[in-house]
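Reviewing the structure listed below.
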Amino acid sequence: MAENGESSGPPRPSRGPAAAQGPASAPVEPKIIKVTVKTPKEKEEFAVPENSSVQQFKEAISKRFKSQTDQLVLIFAGKILKDQDTLIQHGIHDGLTVHLVIKSQNRPQGQSTQPSNAAGTNTTSASTPRSNSTSISTNSNPFGLGSLGGLAGLSSLGLSSTNFSELQNQMQQQLLSSPEMMIQIMENPFVQSMLSNPDLMRQLIMANPQMQQLIQRNPEISHLLNNPDIMRQTLEIARNPAMMQEMMRNQDLALSNLESIPGGYNALRRMYTDIQEPMLNAAQEQFGGNPFASVGSSSSSGEGTQPSRTENRDPLPNPWAPPPATQSSATTSTTTSSGSGSGSSSSSATGNTVAAANYVASIFSTPGMQSLLQQITENPQLIQNMLSAPYMRSMMQSLSQNPDLAAQMMLNSPVFTANPQLQEQMRPQLPAFLQQMQNPDTLSAMSNPRAMQALMQIQQGLQTLATEAPGLIPSFTPGVGVGVLGTAIGPVGPVTPIGPIGPIVPFTPIGPIGPIGPTGPAGPGSTSSGGPPGPTVSSSTPSETNSPTSESGPNQQFIQQMVQALAGASPPQLPNPEVRFQQQLEQLNAMGFLNHEANLQALIATGGDINAAIERLLGSQPS
Amino acid sequence: MEPPNLYPVKLYVYDLSKGLARRLSPIMLGKQLEGIWHTSIVVHKDEFFFGSGGISSCPPGGTLLGPPDSVVDVGSTEVTEELFLEYLSSLGESLFRSEAYNLFEHNCNTFTNEVAQFLTGRKIPSYITDLPSEILSTPLPTPGPCSFANPDSVSPELGPCPTEILAGLAGSARPFGQALRPLLDSIQIQPPGGSAVGRPNGQS
C-alpha cells in the first residue's frame, strides 16, 4: 500500500527493481505480474505479462467482469489508461492496484439528463408561475446557501445530484411530488420573504433561460410576469401552501368544467396543443412521459372533441325534437330571465343549460357520438389524466380569471357557430360556469371514475325515464326530462348551470351535486347518487346557491328529490316544504289558490316552480 | 494526442471539535490529539464526503462546517467528472452505502482515502486515518461516573457530538478508550448541506 502512495503523482517510471529506465526500455522477458483490479464493488487479481498493453489488459478484465472492453475505464495514479498504452508506461508493477470503472449504458447522472431536466423544470415554472415560483425560489436558495435551513434537511431526502442545475431539477421534482416538502419549504421564512418580493420573483423567473424562451414564444407570459398585481397575487398564493393547493384544485376544476361547454373541449385541446404540449414534452423526462399522450391520441382517434362534447351533453339529451327543444329553450330562457332574480350567472347558466340541452339533443342522436361518448365514459382515466395535469390547472385558473378569453375559446368552436343562440347564451354563462368549477368538490368528483360513471348512469336513467314515462317527471317543460334535468330545472328557475354542467356531468358528478349539500339540507343521497341528473341538478344548485333567488331552495329540493328517487335512496328528507315554499305559497295564495294542502303538494311536485304548480293545480281542480 | 485534462484534487480537512480536542484530549484521553478530523474530497469544483447519510456532495466548503481547517493537495487526476460520478454512484451502492457508516471503521476518512487513491493513486495523510485507532488505543479508564451525551440523540448533528463525548469524559478521572467503544460506535456524523450522490431519488 505504501507503494501506491509513493507512486502517485506524475507517472514516473516505477522505482521497483525491474523498473524500466523509461517507457521505451522495457525488460525483454515478459514477466508475469499480478495486478489487482479494483472496482467500486469488487476486487480481482489479474496475472498479466508485464509488457502487455492496456488493451490486452482490458480484454482480460472484460472476460472476468463480463463487460465489454469499451465499457472499461482503467485508472491508475489518477491517470486514465488508454488502450494503446502499456502497463509499464504507467508504472504498473507487480502487486499494484489499478482502479476500474465499468461504464453503464445509461448515465443516471449525466450531463445529458440535466438539460432536459432543466427544461422540464423551467417549463414547469413557466407554466405554473405560482407553484413554480416556489420552486424557483427554493431552487435559487441552494446556490451558495448551503446552510439554508430548509435546504439542509433536503440533503437527506435522497436528492441525488452533485451538480446544481440537476439539484434544482431534482428539488423541483421532489417539490412537485411531495406536498409535505413543499409545505416545509413554504414555511421557511427565507423562502417566504423571497416570495413576498414580486420584483425578485420576477427576476428569478426571467433569469431562467428556458423561461425566456417560453416567454418569447408566448408573450402572454411576459404580460403575466410584468403585471405587478398578478405577480403579487401569485406570490401571495405561493406563500400560502393551502391556498395554493386550493387554487390549483380550482384550476383543475375550472378546466375540467370548461370541457363540458360546447366547444370547450376544442378550446381546451387547442390550449393544450399550443401551449401545454411543447412544455409537457419538454418536461417529459421529468414527469415520466406526457400524461396526455394517450389522451390526445385516444381523443383524436375519434373526433376527440366531439365525444367530450357529446358526453357532456349526454345528461342533457333532449328527448323532444329540437323544435320543441328550441321552444323550451326559449321558454326556459324566458323563465330563466324571469325566474332568476339575481345574478346573471344563474340566468346565463340557465340559458346555457337550455341551449346546451337543445344542442345536445340534436347531436346526441348521432350514433357516432354515442359510441364516442361511451368510450370516454368507459375510460374516465382519460379525463382524470387531463384534469390532473398541472398545466391544465393553470390554464383553468387563467381562464377563470379571464372570462373573455374563456368565452372566446369556447365560443369559437364550430358547435357555436352553428348555433349563435347557444353562443350568446354561453357567453354570459362562462363566468358563473368557471366559478362553479372552482368548487373543489367538483374536482374530487371528477377524478372519481366511479362517480362519473354513476353520473352517466343517472343521466341515462333520467333520459329513459323521460321517454318512457314523461308524466313521472313533474311538470317538466320539454327538454327538461332526461339528461336535461338541468333544462328541467331551467324553466323552473336558475337551474341553468346544468347546461354547461351537464356536459361536465361525466366529469363532475359530485361537483354540481356537492353544493346541494351545503346549499340545502339535501340528504347525502342526492349527493351520492351522482349520475347525470345529479350533476345537472347539482350544477343548478350551485348556481342557485350563487344566486340567492327564492327559487333556489325549491329547485334544490326538487333536484334532491329527483336524485334520491332515482338513486333509490330513502325518501328525501327535505326541510319543511312549507318553509321552503313559503314564498311560493304566498304567491299562490295571492293568486287565489287557497287550498294550502294542494298548493304545497303542487309546489313539492314541481319543486317550487310556481307556474308549473299552478298548472298542476289547475289540472287537478276539475277532479 | 492532446494531453488529457488534469483536474486538481484537494482534501478538505475539518476539525469537528473546533480545537477542543487539542486542548482537552491530553486530559481526557491521556494522549494528544490534534483534532477530530472530518475530511472530504474536492474535485471538479464539488466537495464529496461520506456520512451517515451516504455519499453526499456540496459546493466546496458548503456544509454547515463552513470552510475547511486545512486543505491538503492530493494531486491531479485525469478522471472526468462524468466518470467520477459514475464511480461514486457505484461506490454508493456497494461499499459506501449510508448504512455502512461506522464512526471508527468506515467513516468519512475511509471514503476520502478510497476516493483519493482512485483519483490520484495517493492516500490521505496518515494522521487522519489513524485517528480512530488512536482513540481506541487509549488506556482503559477506571470506571467512573460519566455522563455522556445520549448517543441516540445523534442524528445529523456533527461537531458537538464528539466534543460532547470528550467533554462528558472530563467528568471521569481517567482517560478511557475501549470502554467508550459502544457509545462511540453509535455516533454518526453527517455534515448538513450536502446532497446525495449516486442514489436514486428518495433513497439515502
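Values below: every heavy atom of this structure, side chains too, minus hydrogens, waters and symmetry copies. Fair warning: this is a prediction, and the values are worked out from it, not measured in the lab.
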For B/Tyr14, enumerate each residue passing the ring pair (Phe, Tyr, Trp, His ring centres under 6.0 Å) test, keeping only those at least two apart in sequence or located in another chain. B/His38

Given heavy-atom pairs under 4.5 angstrom as the criterion, report whether the side chain, backbone, both or neither of A/Ile75 touches chain B. side chain

When you check the gap from the basic side-chain N to the acidic O, do A/Lys103 and B/Glu86 get nearer than 4.0 Å? no

Of all pairs that satisfy ring pair (Phe, Tyr, Trp, His ring centres under 6.0 Å), the ones with a partner from residues 54-82 of chain B, not counting sequence neighbours: none

Of B/Gly51, B/Gly61, B/Ser94, the largest count of non-hydrogen pairs under 4.5 angstrom with chain A goes to B/Ser94

Taking all non-hydrogen atoms of both residues into account, name the closest pair between B/Leu91 and A/Pro40 and its distance. N-CB, 3.5 Å

Side chain, backbone, both or neither: which part of B/Leu119 has a heavy atom under 4.5 Å from chain A? backbone

Could you check B/Leu83, B/Thr80, B/Val79 and say which one makes a side-chain contact (heavy atoms from CB on, under 4.5 Å) with A/Val73? B/Leu83

B/Glu78 side chain to A/Gly78 backbone, donor-acceptor under 3.5 Å: no

Output the distance between atom NZ (A/Lys79) and atom OG1 (B/Thr77), rounded to the nearest 0.5 Å. 8.0 Å

Measuring from atom CG of A/Leu100 to atom OH of B/Tyr87, what distance do you get when rounded to the nearest 0.5 angstrom? 10.5 Å

Nearest non-hydrogen partners of B/Gln117 and A/His99, listed with the distance: O-NE2, 3.3 Å

Over 12 non-hydrogen atoms of neighbours within 6.0 angstrom of NZ in A/Lys34: no

Residue pair A/Val101, B/Phe118: steps toward the side-chain contact (heavy atoms from CB on, under 4.5 Å) verdict: CA-CA 10 Å; A/Val101 177; B/Phe118 170 78; 3.4 Å; yes

